[in-house]
Structure formats: C-alpha cells, structure tokens
Amino acid sequence: MKKTTKILSISIAAMLLLGACSSGKSSDGNNGGKDSSANKVTVNKEGFPIVDEKITLSLMAPGTGMAEWKDMPTLKEYAEKTNIDFKYDTPPLSDFQTKLNLAFASGDVADIIFAAGSDNLTSGMEVKYGKQGVLLPLEDLIDEYAPNFKALMEANPEIKKSITTTDGHIYALPVINQHPTSAWPAGPLWYNGKWLDALGVKEVPKTTDELYDLLVRFKNEDPNGNGKADEIPLLDVKMNSSRTWFLAAFGMKKWGIEEVDGKVRYAPTSENYKEYLTYMNKLFKEELLDPETFSQSDEQKKAKGQENRLGLFPDWFSFFTTGETEEVAMNNPMFQPLTSSVSPEIVLPGNPGISRGAFAITSNNKSPEASIRWVDYLYSKEGRDFFDQGPEGYLWKQGENGEREYLEVPKEYASSEDYRGTLTPAYGIAVPMLVDLVEGAPRSDFDLFIEKETQAKIDPVAETAYPLVYFSDEEQEKINTIEVDLKSYVEQMEAKFITGVEPLSNWDKYVDTINKMKIDELVKIYQEAYDRFAQN
C-alpha cells in the first residue's frame with residue numbers, strides 16, 4: 001500500500017539538533033538511571049546520547065528486502081545519536097515467524113524483538129514467554145524511562161488496556177496509529193465517478209436497496225459509453241475487501257467473533273449473516289457481482305479497472321485500480337456505509353489504531369533501560385518523523401524558512417517509497433512508533449479529499465468490533481484448536497452460498513455443522529475475556 005507516500009509526509013526541522021540537548025544526569029544520579037549491565041552503564045533519562053559509553057545490543061526484525069539494516073542512514077545516524085549499536089538479524093518477512101519460534105525454543109533470542117507485529121509475536125506468545133521470564137515486563141521501565149509512550153497511554157487509556165496481559169504485565173509495545181485514515185476498517189470501496197456523471201447520479205447509495213438499483217443501472221445503461229455490455233457493476237478478489245462493508249450493512253462488525261452491547265456472538269451463524277449471503281447471492285446471480293470474484297487475482301482486477309469496466313471496486317486509493325491521475329481520481333466518491341431492512345442504523349467496524357507485538361525486550365538483554373529509552377523516541381513527534389522520512393539530505397532538506405523541501409528521487413528508484421525503504425526500516429512492517437501527520441506538512445489536494453471523505457463517512461460511525469484482549473494459555477490453546485477448522489469451513493461456505501453452489505435452503509445444516517465445532521465454547525472464552533477487559 002502506498003499509504004505513507006503522501007499522507008505521512010512529515011516536517012520537523014530541529015530534530016538533528018537534539019544531540020545538543022541536556023543529558024539530564026547528575027553526579028548524584030538523581031536524574032540518571034543505572035543500566036542493569038555488568039558494566040553499570042549510566043542511562044541518561046533525557047536527551048542524547050542515551051548512554052555515555054557505547055554499547056552493542058542484538059535486534060531481530062522482519063526484513064523488507066530493500067536494504068541491509070546496518071547500511072540504512074536512519075539507523076546509522078540514530079546509533080551515533082544514542083551511542084547504541086546493534087547486531088541485526090533480519091530474516092525475510094515470509095520466514096520471520098519460523099525463525100522467531102526457533103529462537104524462542106533454543107533460548108538464543110535477540111535482546112530486542114522489533115516490528116514483529118501481532119501475527120508473528122502473537123498475544124499468546126506474549127503471555128507464554130512473559131510468564132516464563134523470557135520477555136521482560138515493561139510497565140516499570142515505561143514509567144521510569146519512556147515519557148513519550150507513558151504520555152500516550154495517559155491520553156488514551158485504551159492503549160494500556162489493550163497491551164496489558166492477563167497477569168497484569170506489559171510485555172510488548174504497539175504501533176500507535178493516529179493518522180486521519182487510521183479508523184478505516186479495511187481498504188475502502190470506490191465508485192466510478194465518470195459512470196455516476198454519465199448516469200446523472202448526484203448522491204451515492206445509502207441503503208442496500210439503493211445500491212442494488214444503481215448496480216442494475218451500471219449493468220444495463222452503458223455508463224462507460226463504448227456501446228458494449230462489458231460493464232462490471234461490482235468487483236472484488238475473494239470478497240477480501242468488500243466483505244467488511246457489506247457485513248456492516250447487515251448489522252455485523254466482524255466476520256467472526258464480535259461484541260454487541262456487551263454480549264459476544266459469532267456473526268457467521270446469525271440471521272444477519274444469512275441476510276448478507278442472500279443479498280450477495282442475488283447480486284451474483286444477476287451478474288451485478290463479478291462472476292470471477294472468487295477466482296481472479298488483484299492484477300486481473302486492476303486490468304479491468306484500467307479498461308474502465310468497473311462501477312464499484314476496492315483499493316486503498318481508487319487510482320491504483322483505474323490508472324487515473326490523482327486529480328481525476330478525486331471525482332471517485334468513497335463508499336457510503338449502508339443500512340438495510342435488518343440494520344436500519346449504520347454499523348461500521350473501526351480500527352482501534354493499536355497494533356500489538358511491535359517491540360519486546362528479552363531476558364538476554366543486559367541493558368533494558370537503555371533499550372526502552374531507545375524506542376521511546378519513536379513515540380515522539382520528532383522521533384517518528386525521523387524514522388519515517390530519515391535524516392536530512394536524502395528525501396528532504398531544510399528550507400530557508402525552516403520548512404522541509406523534498407528532494408528528487410535518485411533515478412535508480414521507481415518511486416520515493418522504493419527509495420525510502422532503503423533509508424529506514426519503517427517500510428511495510430509494524431515499526432513501534434507513533435503514526436500521524438505533522439502539523440504544517442505540505443499536503444496534496446488528494447490527501448485533503450481522502451481526509452474529507454473519511455471524516456464524513458467513517459469517523460462518525462466507526463466503532464471497535466471486539467477489543468484487543470489477552471487470553472490465558474489454556475484459553476488460547478482451545479481457541480487455536482477450534483478456530484483452525486472453523487475459519488476454513490466458514491470461508492468455503494461463504495463462497496458456495498454466494499455463488500449458489502450451496503443453496504441457502506441448507507442454512508440450518510450449515511449452522512448445525514458450526515455448532516458441532518464447539519462454537520459455544522469459543523464464544524464463552526471470548527465473552528469471559530471481554531468481561532475482563534471491560535472491568536480493567
């Protein structure tokens with residue numbers, strides 16, 4: 001995704017002067033801390049360097065393949081700033097979870113686990129290795145040495161609740177996303193603005209019935225004007241993007257476990273879900289939903305978009321699919337969340353803006369105080385700007401008036417994003433940092449268009465489908481056992497019901513099969529975890 005290309009452009013001019021800031025230590029140690037290493041390295045609580053005597057730590061992270069981390073200018077300059085060097089172990093993202101599991105099993109795990117994300121350093125692993133003492137509890141370190149992250153937790157209590165495990169400890173820090181589009185539940189859907197203009201449509205649909213009527217017009221009234229019946233009213237790839245929006249139209253916030261007024265339910269066995277399948281099956285039968293939805297690739301989807309054959313389609317930005325310029329793409333409205341006969345008020349899941357498992361300190365680390373100070377800088381505005389865009393002289397330079405001026409990308413790189421990926425690790429992985437816009441940063445008209453659409457159509461209604469909770473070892477084991485086969489079955493049956501391979505008259509048989517897969521036990525576990533979270 002190109003989410004950071006423009007929206008996360010940032011401007012900070014004084015950052016490189018921070019090395020001159022006060023170190024904050026005194027001879028009596030009142031303002032400094034003692035590192036737990038054998039050499040008792042003094043850790044400065046403020047400013048740079050973090051330690052006066054250079055130390056070297058090991059760090060394991062998923063590599064992006066763009067450049068060796070030891071060669072990245074951002075990390076090299078930060079090492080000079082902090083007096084902390086690293087030995088990097090960065091296996092490819094595809095191999096990272098396997099390598100991380102092997103490291104835990106052998107005990108030869110790096111001092112710091114960085115940017116793993118919750119898919120690799122799972123909540124279950126946090127609990128398991130935290131209780132075993134392999135991962136260090138971080139709450140006291142945060143209180144003493146991480147003022148930036150501590151301030152974020154105080155401003156938003158949901159952060160602390162979402163990263164505190166069942167034993168009351170924090171074992172990993174998250175990504176904190178405060179970007180204007182952070183509430184997006186998934187990549188949005190977009191209407192073809194040219195088609196709307198051709199049909200004289202002034203407002204996008206607000207109900208499932210209105211959408212059906214528009215899709216029929218897309219199919220029958222030749223909105224692309226080529227005289228051929230080649231229009232595809234609605235398209236997706238395996239429903240992976242549009243599913244969220246259509247489930248919401250029928251009153252569901254998640255394709256699985258969700259919370260409704262304090263009660264947990266499994267949405268794919270609800271009557272709401274049956275209505276969703278009925279509606280999508282109707283679209284499929286009438287060829288309003290692309291017949292190749294469950295078989296095509298993303299590349300095939302984009303090819304159809306560039307032929308101007310799509311009326312409603314998913315992508316992070318519409319021009320990724322249509323090939324239009326950003327200026328033209330501002331005529332493509334974002335999908336308006338729908339209501340239906342079974343859900344008369346808008347329901348829409350929102351991203352909580354918290355992604356767990358981004359930073360952990362292991363028991364092999366002899367300098368946990370220095371380590372937490374090192375990462376805390378990334379939760380400040382200055383630090384996140386530095387990690388996102390790198391040091392001066394590569395992507396940007398400081399202008400005469402203190403503003404950032406962006407430089408030409410070297411010819412050997414296809415885009416600024418490709419170049420940025422060689423400068424900083426904050427590219428395509430869950431780097432522990434504060435993600436946000438910078439006040440006064442230059443923004444394009446398209447950036448402003450996206451933000452306006454988000455504020456109008458998503459922000460007022462988005463809510464969390466189910467909070468970020470932690471499970472006990474026993475609970476997690478039961479969940480893993482039940483969910484593996486359950487998810488596979490529900491996914492297969494969704495495709496069969498929508499395409500008509502399985503008639504909806506077999507709905508009761510489908511529900512009975514799920515009930516036999518211990519769904520009641522699964523819901524009970526999630527309900528108890530939710531109750532713990534709510535009482536925290």
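For the side chain to side chain donor-acceptor pair (under 3.5 Å) condition, the pairs that include at least one residue of residues 201-212, sequence neighbours left out, are Y212-E286. Screening residues 338-355 for side chain to side chain donor-acceptor pair (under 3.5 Å), with sequence neighbours left out, gives no hits. Applying the side chain to side chain donor-acceptor pair (under 3.5 Å) test to residues at least two apart or on different chains, the pairs with a partner in residues 449-471 are E126-Y470, W184-T454, K253-E463, R443-E451, E451-Q455, E453-K457.
Residues satisfying the side-chain contact (heavy atoms from CB on, under 4.5 Å) criterion with T513, sequence neighbours excluded, are Y489, M517. Judged as a side-chain hydrogen bond (donor to acceptor under 3.5 Å, both in side chains), and not counting sequence neighbours, the contacts of Y273 are W255. With sequence neighbours left out, S94 forms a side-chain contact (heavy atoms from CB on, under 4.5 Å) with P92. Shown here are the ring-ring contact (aromatic ring centres under 6.0 Å, His included) partners of F250, two or more places apart in sequence or in another chain: Y279. For F471, the ring-ring contact (aromatic ring centres under 6.0 Å, His included) partners are Y526, not counting sequence neighbours. Evaluation of the side-chain contact (heavy atoms from CB on, under 4.5 Å) rule for E477 yields no partner, not counting sequence neighbours. Partners of N331 according to the side-chain hydrogen bond (donor to acceptor under 3.5 Å, both in side chains) rule, which considers only residues two or more places apart in sequence or in another chain, are D197. In this structure P410 satisfies the side-chain contact (heavy atoms from CB on, under 4.5 Å) test together with E412, Y413, Y419, sequence neighbours excluded.
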Exercise for review: Kindly determine whether F446 and F449 satisfy ring pair (Phe, Tyr, Trp, His ring centres under 6.0 Å), including the steps that lead there.
Suggested key: CA-CA 5 Å; F446 188 80; F449 162 71; 5.8 Å; yes

Exercise for review: Let me see the working for L348 and I458 under side chain to side chain contact (heavy atoms under 4.5 Å, CB included), right down to the final yes or no.
Suggested key: CA-CA 8 Å; L348 189 68; I458 295 178; 4.0 Å; yes

Practice item. Test L152 against I159 for side chain to side chain contact (heavy atoms under 4.5 Å, CB included), laying out the working first. Key: CA-CA 8 Å; L152 290 172; I159 295 174; 4.2 Å; yes

Review point. Going through the distances and angles, do F104 and L121 end up as a side chain to side chain contact (heavy atoms under 4.5 Å, CB included)?
Key: CA-CA 11 Å; F104 275 124; L121 183 60; 4.2 Å; yes

Practice item. Given side chain to side chain contact (heavy atoms under 4.5 Å, CB included), test L312 with L211 step by step and report yes or no. Key: CA-CA 10 Å; L312 178 61; L211 176 62; 3.9 Å; yes

Review point. Under the salt bridge (charged side-chain N to carboxylate O under 4.0 Å, His left out) criterion, do E307 and K304 qualify, and how do the steps go?
Key: CA-CA 5 Å; E307 294 171 352; K304 294 173 181 178; over 6 Å; no

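Within the 3.5 Å criterion, the main-chain N or O of E528 finds no donor-acceptor partner in the side chain of E475. Under the 3.5 Å distance criterion, the side-chain polar atoms of T321 are left unmatched by any main-chain donor or acceptor of K302. The backbone N or O of N192 sits nowhere less than 3.5 Å from a side-chain atom of N332 that would complete a donor-acceptor pair. Checking side-chain atoms of T122 against main-chain N and O of S118 turns up no donor-acceptor pair under 3.5 Å. Between the R309 side chain and the D230 main chain, a donor and an acceptor come within less than 3.5 Å of each other. Formation of a donor-acceptor pair under 3.5 Å by the R420 side chain with backbone atoms of P425 is not found in this model. Checking side-chain atoms of R356 against main-chain N and O of I163 turns up no donor-acceptor pair under 3.5 Å. Side-chain atoms of D290 do not come within 3.5 Å of backbone N or O of L235 as any donor-acceptor pair. In terms of modelled atom types and a separation under 3.5 Å, the side chain of E292 and the main chain of S295 share no donor-acceptor contact. A donor-acceptor contact shorter than 3.5 Å links the side chain of R217 to the backbone of L199.
L423 contributes atom CG, which lies 11.0 Å from atom CG of D388 (distance to the nearest 0.5 angstrom). The distance from atom CG of D447 to atom CD1 of I450, rounded to the nearest 0.5 Å, is 8.0 Å. Expressed to the nearest 0.5 Å, how far CZ of F317 lies from CE of M334 amounts to 9.0 Å. Between the CD atom of E494 and the CE atom of M280 there is a distance of 8.5 Å, given to the nearest 0.5 Å.
A donor-acceptor contact closer than 3.5 angstrom is absent between the side chains of N240 and D236. The closest side-chain donor-acceptor pair between Q476 and N480 falls under 3.5 angstrom. Checking Q296 against K238 by side-chain atom types alone, no donor-acceptor pair falls below 3.5 Å.
Counting heavy-atom neighbours within 6.0 Å of Q306 CD, excluding the residue itself, gives a total above 12. Counting heavy-atom neighbours within 6.0 Å of K518 NZ, excluding the residue itself, gives a total of 12 or less.
A cation-pi arrangement, defined by a distance under 6.0 Å to the six-membered ring centre and an angle within 45 degrees of its axis, is absent between K301 and F313.
Note: Y129 and Y171 fail the aromatic proximity criterion, with ring centroids not under 6.0 Å apart. Ring pair F335/W190: centre-to-centre distance not below 6.0 Å.
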Using distance only, find each side-chain donor-acceptor pair of residues 59-72 under 3.5 Å and give its atom names and separation, not counting sequence neighbours.
none

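With respect to K194 and E324, a salt bridge is recorded, a charged nitrogen being found less than 4.0 Å from a carboxylate O.
Using cut-offs of 30° and 60° on the angle between ring planes, the pair W507 and F497 is tilted. Ring geometry, F218 versus W195: the interplanar angle exceeds 60°, so the pair is classed perpendicular (tilted spans 30 to 60°).
For the pair L75/Y88, a side-chain contact is recorded, criterion being any heavy-atom separation below 4.5 Å from C-beta on.
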